[in-house]
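The structure under discussion appears below in the form of structure tokens.
Just so you know, residue 1 is the first one in the sequence shown, and it goes up from there.
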Amino acid sequence: MCGVVGIVSKEPVNQAIYDALTVMQHRGQDSAGIVTWGDDGLKQRKTNGLVRDVFRTRHMMRLTGSVGIGHVRYPTAGGARSAEAQPFYVNSPYGICLAHNGNLTNYQDLASLLTREDRRHLSTDNDSEVLLNVFAHELHIRAKGKLTPEQVFGAVEAVHERCSGGYAVVALIIGFGIVAFRDPNGIRPLVLGARETDDGTDYMVASESVALDILQFERLRDLQAGETVFIENEGVLHSSEYKGETKHTPCIFEYVYFARPDSIIDDISVYKARLRMGEELAGKIVRDFQDHDIDVVIPIPDTSRTAALQVAYHLGVKYREGFMKNRYIGRTFIMPGQAERAKSVRRKLNAIDLEFRGKNVLLVDDSIVRGTTSKQIIKLAREAGARRVYFASAAPPVRYPNVYGIDMPAASELIANGRSIEEIQELIGADRLIYQDLHGLIRSVRHNHSSIEEFDTSCFSGEYVTGDVTDSYLDELEAERNDAAKQRKRARKGKKTGAHGDGKASNVVNI
């Protein structure tokens, strides 16, 4: 999962892009990058690390220009050391920088065609570089004289025809402006905003609306499935709908876990969706655990707080904060390696004994993926003196890999894969385990938003909306992206911490 942002302004954009990436840091903690364009040419800074560590004052001073894009990333393959920082760059045509959130399911076929038929060189195994080269190749075919919106839209149409998977893209075309587009299924989010100034209108695209909010951009709308917007350097906005087949199926896991609660995705409030998840979960508990003896409801901070509040309210029991969180530890879900995730739980959470001692406790979490965190937290609750520890998940069992950009590709790492609820309950050490129903989750998120008829629920249902995910593809991902494979990749990468290809382009100034 990643976060992307692009801004066209009349003012320098370096600080604005930095601020946007900071509030989207939860979407990726391994690397960050900013590219800007102005009278001084193209400037970039990108490397591994958190936003606050990647960009120092000296870097910010050199990121001149009123047009730019940014990216925060964690890799779906490999770990922090092997993360190729984005945006990526190619010289031809014009010079294009691109940042991408998502995953291409036909990456291998595309990479082969690019090198064999399009005669383009790839220096990484990153699907974002493939996507950039597909776009660059298609734009090169159409580029005649001054670049026009129609040429850009035609190139993106061809990208949609060639690429499959989930992707939200921002690209800077040197000397012309910023292009942003979303896959024909609208799996990954992308929102458009505007801000009126004395000199005209500034435009911004970002993965989450919270990035618009903190920069005082008005949220105009989410890009539709397959839609492209082209914002010229002068601030002229063009948009085009995809002429091919589209089916708007946004990723439901954004609402469960990834997105910030103060974001709005596809006109749906993440906060309100999580409130309704709590209501649905409370109903499930009442139905399945009618004679419950729960004394207190305690959330696993931070994502589950909203749902846990509603569970406590509808069950008529106390809500308490039982865990204190060290905010300087990263999100365990997106940490590379099972051992690292397990060790981080105790560094991250500390139990308040008074809230557990002698009580029957219901712990509420947003989801259970690998089960590592859940097991450790239940152990913490028992050590704090809890008499019974019940566990509830605001999402259904995660039984299948996600192939559209979320790091859960290896089915063998999913605790619910091939196991019953009772078996999972025993493995994590809970006295009782309650899962949300899938139809309850869909009802919670969709609510009265009738324009979205279906969500990507593949990690819960095993149904992949792009229609091209085969058993053999999943087997390949299992072998390539499980924790053991990631450990081997990190060992091979050794001390490589920089991004590939930073110095290739003669007209890019790396700072």
Side-chain angles (χ1 to χ4, degrees), residues 1-2 73-79 82-84 100-116 122 124-131 134 162-167 183-185 187-188 249 251-253 257-258 333-341 367-372 395-420 423-424 427 438 455-493:
M1 185 63 67
C2 304
R73 177 179 187 261
Y74 90 93
T76 52
S82 63
E84 297 98 346
H100 158 234
N101 171 32
N103 183 60
L104 300 182
T105 54
N106 62 339
Y107 159 78
Q108 296 291 351
D109 291 340
L110 283 172
S112 177
L113 284 170
L114 279 169
T115 55
R116 188 177 67 251
L122 300 175
T124 75
D125 58 0
N126 190 299
D127 62 342
S128 298
E129 189 187 15
V130 166
L131 206 158
V134 171
R162 295 181 64 177
C163 298
S164 183
Y167 50 90
D183 67 83
N185 290 97
I187 298 172
R188 301 266 67 90
T249 54
C251 174
I252 205 165
F253 210 73
Y257 175 80
F258 265 106
F333 176 78
I334 62 177
M335 282 186 172
Q338 186 82 336
E340 184 65 23
R341 285 186 291 269
S367 59
I368 305 172
V369 181
R370 296 171 176 88
T372 308
V398 178
R399 300 189 185 278
Y400 305 94
N402 182 290
V403 300
Y404 301 127
I406 296 177
D407 188 21
M408 54 170 92
S412 61
E413 296 173 7
L414 305 176
I415 194 170
N417 183 262
R419 294 188 177 98
S420 66
E423 289 171 329
I424 303 166
L427 280 172
L438 180 55
F455 291 91
D456 167 51
T457 62
S458 53
C459 59
F460 307 120
S461 64
E463 298 173 3
Y464 296 93
V465 295
T466 54
D468 62 341
V469 178
T470 63
D471 289 341
S472 61
Y473 175 82
L474 294 176
D475 290 341
E476 290 174 7
L477 280 183
E478 173 78 26
E480 178 187 351
R481 296 187 174 181
N482 58 42
D483 278 344
K486 291 176 183 178
Q487 293 284 359
R488 290 193 296 271
K489 285 187 178 182
R490 285 197 293 275
R492 286 198 302 268
K493 295 289 183 178

_Under the criterion side-chain contact (heavy atoms from CB on, under 4.5 Å), I'd like the reasoning laid out for V403 against Y473: C-alpha separation, chi angles, the key distance, then a yes or no._
CA-CA 10 Å; V403 300; Y473 175 82; 3.8 Å; yes
- Take I406 and R188, measure what side-chain contact (heavy atoms from CB on, under 4.5 Å) needs, and give me the verdict at the end. CA-CA 10 Å; I406 296 177; R188 301 266 67 90; 4.2 Å; yes
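Here S128 contributes atom OG and E84 contributes atom CD; the two are 9.0 Å apart, rounded to the nearest 0.5 Å. Atom CZ of R419 and atom CG of L414 lie 9.5 Å apart (nearest 0.5 Å). In this structure, OG1 in T105 is found 8.5 Å from CG in L110, a value given to the nearest 0.5 Å. How far OH of Y400 is from OG of S458: 11.0 Å, rounded to the nearest 0.5 Å. Atom CG in N185 sits 4.0 Å away from atom OG1 in T249 (nearest 0.5 Å). The NE2 atom of H100 sits 8.5 Å away from the CG atom of N126 when rounded to the nearest 0.5 Å.
For the pair T457 (side chain) and F460 (backbone), a donor-acceptor distance under 3.5 Å is absent. Formation of a donor-acceptor pair under 3.5 Å by the N402 side chain with backbone atoms of C459 is not found in this model.
Looking at heavy atoms from C-beta onward, R162 lies out of side-chain contact with D109 at the 4.5 angstrom threshold. Contact check for F258 versus C251: no side-chain heavy atoms found under the 4.5 Å cut-off. Taking the side chain as every heavy atom from C-beta outward, Y257 and V369 never approach each other to under 4.5 Å. Side-chain atoms of F253 and D456, non-hydrogen and from C-beta on, never get closer than 4.5 Å to each other. Inter-residue side-chain proximity for L113 and V134 is flagged as unmet; no heavy-atom pair is nearer than 4.5 Å.
Counting only N and O atoms by type, the side chains of E129 and T124 include a donor and acceptor under 3.5 Å apart.
Between Y404 and Y464, the two ring planes are perpendicular [angle over 60°; tilted spans 30° to 60°].
Here the closest heavy-atom approach between residue D183 and residue G166 is recorded as OD2-CA, 3.5 Å. Listed here is the closest heavy atom pair of L474 and P401: CD2-CG, 4.1 Å.
A side-chain contact (heavy atoms from CB on, under 4.5 Å) with S164 holds for exactly one of L104, T466, V469; it is T466.
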